[in-house]
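Below is one structure, written out as structure tokens, with a few remarks after it.
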Amino acid sequence: MTYNEILDLLYGTLVTTGIWHFQWNVIIMWLIAFFFLYLAVVKKYEPLLLLPIGFGMFLVNFPMVPLMGWTEEGHGELLRIFYHYGLEWEVIPCVIFLGLGAMTDFGPLIANPKSLILGAGAQLGVFVTFTGTVLAGFTLKEAASVGIIGGADGPTTIYLTQHLAPQLLGANALAAYSYMAMVPLIQPPIIKLLTTEEERKMKMRQLRPVSKREKIIFPIVCTGVIALLVPSVIPLMGMFMLGNFMRESGVVGRLSETAQNALMNIVTIFLGVSVGATMSAEKFLSYKPLFIFGLGIIDFMVCTAGGVLTAKVMNLFLKEKINPIIGAAGVSAVPMSARVCQTLALKYDKTNYLLMHAMGPNLAGVIGTAAAAGMFIAMFS
Amino acid sequence: MKTLRWIFFSIILVFVSPAFGTEFLGLPLPEGKVLEKTDTYIKLEVPQSHEEILNFYKKLLKDEKDLKYRDWAEMTYIEDDGARPWHSINIYKKQGQNTIVQVNKDKWTWIIGTLTLRFVAVFVVLMVLQIALNISGQVFKRVFKEEEPKKA
């Protein structure tokens with residue numbers, strides 16, 4: 001073997017390694033991935049999603065890894081297949097909604113239908129942020145996908161972003177789940193700012209019991225209304241209500257349990273890894289993700305304010321007043337924001353239990369965010 | 001006489017120059033006479049049919065993303081959903097050989113209008129659902145009241 005042959009062999013070996021193609025920007029992506037892994041593992045902020053997202057991000061930010069590309073035969077590599085069939089085809093968010101529906105008890109919402117209005121009021125930030133995002137130079141479709149972050153509903157954010165601005169999927173999903181995890185930090189100061197101590201101490205009458213039949217009829221009524229008024233969002237809401245119908249009917253326990261547990265867990269893994277895999281350095285490292293994170297927090301704050309202010313406006317007309325704190329739960333983030341309302345109310349009155357009252361607007365927020373997403377889809381169709 | 005000739009030439013130039021293909025906010029315009037022009041819109045009378053102008057823009061914008069074409073009774077409306085400096089092109093369907101074309105800059109009236117409308121629409125959707133829940137709640141209440149004594 002000649003000297004040149006040895007050199008050529010070494011060179012040939014070296015160029016097939018990642019070291020040869022290494023670029024400094026992947027280090028930034030590793031740091032971002034480690035930050036989200038830290039939030040998931042150490043801080044336990046939305047670990048079910050931030051862990052696979054963080055790891056997916058870490059995985060794809062190595063040179064030459066065959067994960068998100070296409071093979072010479074023309075089929076996708078591993079994570080590309082997850083992404084293609086799961087997210088590009090908009091399957092995973094809908095399947096997650098099926099599981100969420102099977103996990104959800106709509107009793108508090110059925111007992112107090114007024115709370116639906118709070119769920120609508122809390123969408124204020126979605127529309128305000130849209131304006132801010134356009135001012136920042138984003139396209140209208142991108143603005144809609146960023147605005148929906150404030151709805152605090154991960155699957156809806158992913159569904160809408162994939163539909164309108166897939167290039168922002170990673171940043172939007174990450175912002176939505178990160179801020180959802182930070183709801184206990186974001187919401188209380190805004191609630192305190194917009195309410196008096198008297199209002200925070202306000203007690204609400206116990207909710208009426210809801211019959212099994214009412215719970216069974218709810219998904220059918222809700223599907224009918226949404227399908228007629230906002231048909232573009234029925235893939236999400238239809239699955240949500242199917243899951244809930246399976247739960248409440250009580251005749252398909254196995255299906256309901258599978259949707260809540262096994263199926264939900266499987267798609268969560270695929271969702272997280274696929275979202276993380278979209279965040280390669282060349283796509284992620286731009287000014288847009290920074291803007292999205294900045295606007296996302298404003299979005300959450302305005303949505304919280306929108307819910308609280310809607311409750312205050314409603315109190316002007318209602319005989320039986322509602323505690324404005326529960327308006328903040330209108331930003332979905334189920335059940336985190338309802339718990340935040342409960343904790344805050346208990347801080348001012350140890351006997352004031354608002355959890356079930358806050359669950360109503362919390363669930364209404366899920367429907368409200370889906371309705372807002374449907375409005376945006378209709379706007380660009 | 002020389003001065004008069006220059007004035008005459010200048011007047012001709014002012015009126016004729018817009019008839020040549022120009023741009024408005026970076027968007028090429030078909031050759032035609034400018035009827036109105038402000039900072040926010042330009043209105044042209046073009047000696048071409050509606051279809052010819054539509055084809056002109058379709059060809060011009062064929063590789064562009066985030067555009068919406070609407071075929072309305074009185075006009076074809078091309079809307080920018082991206083971040084272009086212009087917002088919309090109205091190609092009016094008018095009888096006769098000339099067609100009116102208007103290019104608009106104003107995005108914000110549209111954005112604020114559509115957002116307000118859609119925010120209100122979210123309320124409407126949830127209010128309809130609320131009414132549906134109230135009605136079904138009342139129906140169930142009555143049915144139960146009627147059923148309970150029967151059982152007893």
Side-chain angles (χ1 to χ4, degrees), chain A residues 106 109-124 126-128 130-131 134-144 147 164-165 208 210-211 213-214 217-218 220-222 224-226 228-230 233 306 310 364 367-376 378-381, chain B residues 25-26 61 64-71 77-88 104-148 150-151:
Chain A
F106 278 101
L109 181 65
I110 301 167
N112 186 15
K114 282 196 294 286
S115 48
L116 279 161
I117 309 299
L118 297 173
Q123 305 311 314
L124 178 69
V126 172
F127 295 91
V128 170
F130 184 108
T131 316
V134 173
L135 280 172
F138 286 67
T139 68
L140 297 182
K141 285 182 179 177
E142 287 175 338
L164 298 180
R208 71 171 175 86
V210 175
S211 69
R213 287 180 199 195
E214 277 181 280
I217 206 82
F218 174 78
I220 295 169
V221 172
C222 191
V225 170
I226 300 284
L228 284 173
L229 297 178
V230 206
V233 84
T310 306
I367 302 171
T369 307
M375 298 292 163
F376 284 139
M379 187 167 150
F380 297 110
S381 62
Chain B
L25 303 168
L61 305 168
E64 301 286 325
K65 283 179 180 174
D66 298 326
L67 285 172
K68 199 159 59 187
Y69 290 79
R70 296 262 195 241
D71 188 25
Y77 176 78
I78 305 170
E79 184 186 281
D80 164 48
D81 290 339
R84 294 177 181 85
W86 54 272
H87 171 60
S88 61
N104 303 300
K105 179 187 180 183
D106 180 28
K107 234 183 190 79
W108 286 102
T109 315
W110 179 83
I111 288 177
I112 300 297
T114 193
L115 289 183
T116 309
L117 200 71
R118 283 162 208 281
F119 185 45
V120 172
V122 173
F123 271 93
V124 172
V125 171
L126 295 190
M127 276 165 134
V128 171
L129 192 57
Q130 185 196 347
I131 293 164
L133 283 186
N134 282 334
I135 293 169
S136 61
Q138 290 298 320
V139 170
F140 274 100
K141 240 182 199 176
R142 284 192 184 179
V143 170
F144 273 120
K145 268 185 188 170
E146 282 169 15
E147 275 184 4
E148 270 170 17
K150 277 182 196 169
K151 279 179 189 170

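Below, read A as the first sequence line, B as the second, and so on, with proteins coming before strands; counting in each chain starts at 1.
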What pairs of donor and acceptor atoms, side-chain ones from residues 123-137 of chain B against any protein atom, are under 3.5 angstrom apart with sequence neighbours left out?
residue, atom, partner, partner atom, Å
B/Asn134, ND2, B/Gln130, O, 3.4
B/Ser136, OG, B/Ala132, O, 3.1
B/Ser136, OG, B/Leu133, O, 3.0

>> Counting heavy-atom pairs closer than 4.5 Å to chain B, which one of A/Gly121, A/Gly119, A/Ala144, A/Ala111 comes out on top?
In response: A/Gly121
>> Quick one, A/Val126 and A/Thr369 - any side-chain contact, counting heavy atoms below 4.5 Å?
In response: no
> Quick one: does B/Leu25's side chain get under 4.5 Å of B/His87's, heavy atoms only?
Replying inline: no
> With sequence neighbours excluded, what pairs up with A/Ser211 under the side chain to side chain donor-acceptor pair (under 3.5 Å) test?
Replying inline: A/Glu214
> Considering only heavy atoms, which portion of A/Leu135 lies under 4.5 Å from any heavy atom of chain B: side chain, backbone, both, or neither?
Replying inline: both
> With only heavy atoms counted, which part of A/Leu124 is less than 4.5 Å from chain B, the side chain, the backbone, both or neither?
Replying inline: both
>> Working note: B/Asp81 + B/Lys68, criterion salt bridge (charged side-chain N to carboxylate O under 4.0 Å, His left out); need CA distance, chi angles, decisive distance, verdict.
In response: CA-CA 7 Å; B/Asp81 290 339; B/Lys68 199 159 59 187; 3.8 Å; yes
> If you count heavy-atom pairs under 4.5 Å with chain B, which of A/Met379, A/Lys141, A/Gln123 comes out on top?
Replying inline: A/Met379
> Do B/Arg118 and A/Phe130 come close enough that some side-chain heavy atom pair is under 4.5 Å?
Replying inline: no
>> So for B/Ile111, is it side chain, backbone, both, or neither that comes closer than 4.5 Å to the heavy atoms of chain A?
In response: side chain
> Between A/Ile117 and chain B, which part of the residue has a heavy atom less than 4.5 Å away: side chain, backbone, both or neither?
Replying inline: both
> Which one, A/Val128, A/Val210, A/Ile217, leads in non-hydrogen pairs under 4.5 Å with chain B?
Replying inline: A/Ile217
